Visitor: 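Quick one: structure below, then a few questions.
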Protein chains: 2
Amino acid sequence: MKDLTKRQHEVVLFIQDYLAHHGYPPTIREIGGNFGISVKAAFDHVKALQRKGILKTGESRSRAIEIIHDAFLPKKEGTSVPVLGNVAAGMPLFAEENFDGTLTIPNERLKRGSRYYALQVKGDSMIHAGILDGDFAVIRYHQEAENGDIIVARVGDEAVTLKRFYRENNRIRLQAENPEFPPIYTQDIQVLGILQMIIREYV
Amino acid sequence: MKDLTKRQHEVVLFIQDYLAHHGYPPTIREIGGNFGISVKAAFDHVKALQRKGILKTGESRSRAIEIIHDAFLPKKEGTSVPVLGNVAAGMPLFAEENFDGTLTIPNERLKRGSRYYALQVKGDSMIHAGILDGDFAVIRYHQEAENGDIIVARVGDEAVTLKRFYRENNRIRLQAENPEFPPIYTQDIQVLGILQMIIREYV
DNA sequence: CATTTTACGAAACATAGGTATAGGTATGAA
DNA sequence: TTCATACCTATACCTATGTTTCGTAAAATG
C-alpha cells in the first residue's frame, strides 16, 4: 500500500477507536470535530484514505466508512469447527458419537459458506508433506478434488484416509508422502473434503 | 431480559448479519427493506428492541444502532497475536515497522498471562520436524529454554532463528532438523520464545 | 521550476435517513 | 369490554450528513 501521512494515520486510528467504542463508524463531521478541522478537510482525508485502499465508503451513505485494509482491521474472532475423531481410525465420521471437541480457527482465512471440520492425524503416511502424527487437519467439506490436492477420502467401505489426490487414465491414485507407504489405486472413493490448514501444538 | 418476539429476533439477527458484512449497522430503511415492511414498522421494532435492552440508538443520529446485550454481541473465542515478520530475515523483531498483521489463535490452548507472537518461517532448516517454508510459528515469549525445546533465538548480533535448543557442557547447541544445516555452537544467544504452535495454510 | 499532493476553511447544496402523525388489524391480559 | 402490545401502511417533516464549489498555502515530487 502507499504510505500514509501522519495526519492520515491519525484519522484511521480515530476511526478505529470510534468504532471500538460505539460499534459504528463516525461521520465526516465527527472526524473533523475530533481534530478541530473543517468538514471539507476531514472529507479530504477520508477520500485520500479511500484512494490508498485503507477505507471504503458507501457513496452518499451516511456513516458508512468501512476499514478494508488488513493492517487496520480489528482483530477478528475465530470460527469453531468440530473435531471429528481421527483419520486412520477411519469409520463413521460425521456420526454424532464421533465428536471430539472443537477447534477455533482464525476465520480471516476461511471462506464463508463452506463447511469445515477437523480431524486429528494418525500415523506417518504424510510425513514428507510436513504432516505429523497428532496434527490437526482442518478440512473444507467438498466433494470434488483436483490433481495434487491433499484430501480426506473414504476408500471402499472402511478406511478414511488423508492422501494426495491424482486422477489417472481410468483410475485414481492416492499418494502418501512417505516412501514406506505405497500408493493406493482405486476407483471406489468418496471425497470427504480438502485439506485447508494444519495446526500443530507443542505441549 | 424480556423475551423477544419472533420478528424482533429476526431483526436483531439481520442487524448482526449486516454488521458482520459491512462493518457498520444498517439504517432503519434498510431494515425495513430487508423484511419488506414500512419504515415505521422497522422503526417500531428498533425502538422495541431498545426498550428491551438489546440495542442502543443515538438520538437522531443516522445509522447509529449499537448492540449492547451480551447474548447478541459477537463472541470472540480467539486471541489475536501480532505477526512480526519472519524468522531468517532476522533483524529488528519487536520493532514497530516489523508488524505484519495478526493471526487469531484458539485461546483454549494459550496460557493466560503469557505473551505470544507469530513469525512466518523462511527456509527449510526445520523440515524434518515438519516445519515448512511459509508456516506460521506461534511463539510464547519466554527467556529460558529447556533441552529439546524448539525456540526462537537471536544469535550474536544479527540472525534470528528457529532451532532446537540443547545446553551442553559449556556451550549451547542450536540444532536444525535438516542434515544440510550444521548445528550452531555458541554462548552468545538470547532466547526470544518457545514454539507453541505451527499453523500452515493450504492455498 | 512546474505539477501534483497534502492540508485546510467557509458556505452552500442535496438527500439519506431518523422521527412523527394518522391511521389499520390482531392477540392476549385485566 | 377495554386496554396494552405487536405489527403493519402511507405520507410527511426536518435535520444530520455526504458532497460540491471556491478558495489559500505549504510540502513533496519529478
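In what follows, chains are A, B, ... by sequence order, proteins preceding strands, each numbered from 1. This one's a predicted model, so the numbers in the text were calculated from it and none came from an experiment.
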Visitor: Got a sec? Which of residues 55-65 of chain A come in under 4.0 Å of DNA chain C, heavy atoms?
Guide: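 Heavy-atom cutoff 4.0 Å gives A:S60, A:R61, A:S62.
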
Visitor: I'd like to know if the side chain of B:Q187 and the backbone of B:N170 have a donor-acceptor N/O pair within less than 3.5 Å.
Guide: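 Looks like yes, one N/O pair under 3.5 Å.
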
Visitor: Return the CG to CD distance between B:L13 and B:Q8, rounded to the nearest 0.5 Å.
Guide: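 Reported to 0.5 Å precision, the distance equals 12.0 Å.
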
Visitor: Can you give me the N/O atom pairs linking the protein to nucleotides 4-6 of chain C at distances under 3.5 Å, or say none if there are none?
Guide:
from: C:dT6; atom 1: OP1; to: A:K52; atom 2: NZ; distance (Å): 3.2
from: C:dT6; atom 1: OP2; to: A:R51; atom 2: NH2; distance (Å): 2.8

Visitor: Say you draw a straight line from CD1 of B:I139 to OH of B:Y117; how long is it, rounded to the nearest 0.5 Å?
Guide: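 Atom-to-atom, B:I139:CD1 and B:Y117:OH are 5.5 Å apart.
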
Visitor: For A:R29 and for A:D44, find the nucleotide of DNA chain D with the closest heavy atom, then tell me which residue's nucleotide is more 5'.
Guide: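 Result: A:R29.
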
Visitor: Between B:F72 and B:H69, what is the ring plane arrangement, given parallel below 30°, perpendicular above 60°, and tilted in between?
Guide: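 If you compare the ring of B:F72 with that of B:H69, the planes turn out perpendicular.
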
Visitor: To the nearest 0.5 Å, what is the distance between CD1 (A:I199) and CD (B:E201)?
Guide: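 The CD atom of B:E201 is 9.0 Å from CD1 of A:I199, to the nearest 0.5 Å.
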
Visitor: Could you tell me the boundaries of the chain A footprint on DNA chain D, defined by atoms under 4.0 Å from its heavy atoms?
Guide: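 From 5' to 3', the first and last contacting nucleotides are D:dT17 to D:dC22.
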
Visitor: Name the nucleic acid region contacted by B:K47, choosing base, sugar-phosphate or nothing; use a 4.0 angstrom heavy-atom cut-off, strictly under.
Guide: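 It contacts sugar-phosphate atoms only.
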
Visitor: Report yes or no: does A:H9 contribute a side-chain atom to a donor-acceptor pair with the main-chain N or O of A:T5 at less than 3.5 Å?
Guide: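 Not confirmed, A:H9 side chain does not pair with A:T5 backbone.
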
Visitor: Please enumerate all residues that pass side-chain contact (heavy atoms from CB on, under 4.5 Å) together with B:E180, with sequence neighbours excluded.
Guide: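 In terms of side-chain contact (heavy atoms from CB on, under 4.5 Å), with neighbours along the sequence ignored, B:E180 is linked to B:N178.
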
Visitor: My understanding is that only residues two or more places apart in sequence, or in another chain, count here; which of them pass side-chain contact (heavy atoms from CB on, under 4.5 Å) with A:R173?
Guide: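 Partners of A:R173 by the side-chain contact (heavy atoms from CB on, under 4.5 Å) criterion, ordered by chain and then number, come out as A:Y166, A:E168, A:Q175, A:P183, A:Y185.
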
Visitor: For residues 54-66 of chain B, which residue pairs pass the salt bridge (Lys or Arg N to Asp or Glu O under 4.0 Å) check, not counting sequence neighbours?
Guide: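 Every pair satisfying salt bridge (Lys or Arg N to Asp or Glu O under 4.0 Å) with a residue in residues 54-66 of chain B: A:E30-B:R61, B:E30-B:R63, B:K56-B:E66.
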
Visitor: Would you compute the distance between atom CZ of A:R7 and atom CG of A:L49 and round it to the nearest 0.5 angstrom?
Guide: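 Atom-to-atom, A:R7:CZ and A:L49:CG are 12.0 Å apart.
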
Visitor: Considering residues at least two apart in sequence or located in another chain, which fulfil the side chain to side chain donor-acceptor pair (under 3.5 Å) criterion with B:D44?
Guide: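 B:D44 satisfies side chain to side chain donor-acceptor pair (under 3.5 Å) with B:K40 once adjacent residues are dropped.
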
Visitor: Quick one: does A:Q120's side chain have a donor or acceptor within less than 3.5 Å of a partner on A:F136's backbone?
Guide: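 Looks like no, no N/O pair under 3.5 Å.
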
Visitor: Determine which pairs satisfy ring-ring contact (aromatic ring centres under 6.0 Å, His included) with at least one residue from residues 26-66 of chain B, sequence neighbours left out, and list them in order.
Guide: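 The answer is B:F14-B:F35.
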
Visitor: Quick one: what's the B/S/- string for nucleotides 24-30 of chain C, heavy-atom cutoff under 4.0 Å, read 5' to 3'?
Guide: -------

Visitor: Quick one: side chains of residues 145-153 of chain A, donor-acceptor pairs under 3.5 Å with protein atoms, not counting sequence neighbours, listed by atom name and distance.
Guide:
from: A:N147; atom 1: OD1; to: A:R167; atom 2: N; distance (Å): 2.6
from: A:D149; atom 1: OD2; to: A:E146; atom 2: N; distance (Å): 2.9

Visitor: Do any pairs count as a salt bridge (Lys or Arg N to Asp or Glu O under 4.0 Å) and have a residue in residues 134-144 of chain B, sequence neighbours left out, and if so which ones?
Guide: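 For residues 134-144 of chain B, and leaving out neighbouring residues, the salt bridge (Lys or Arg N to Asp or Glu O under 4.0 Å) pairs sorted by first residue read B:D135-B:R200.
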
Visitor: Tell me which residues in residues 31-40 of chain B put a heavy atom below 4.0 Å from DNA chain D, sorted by number, or none.
Guide: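 Residues of residues 31-40 of chain B under 4.0 Å from DNA chain D: B:G36, B:I37, B:S38, B:K40.
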
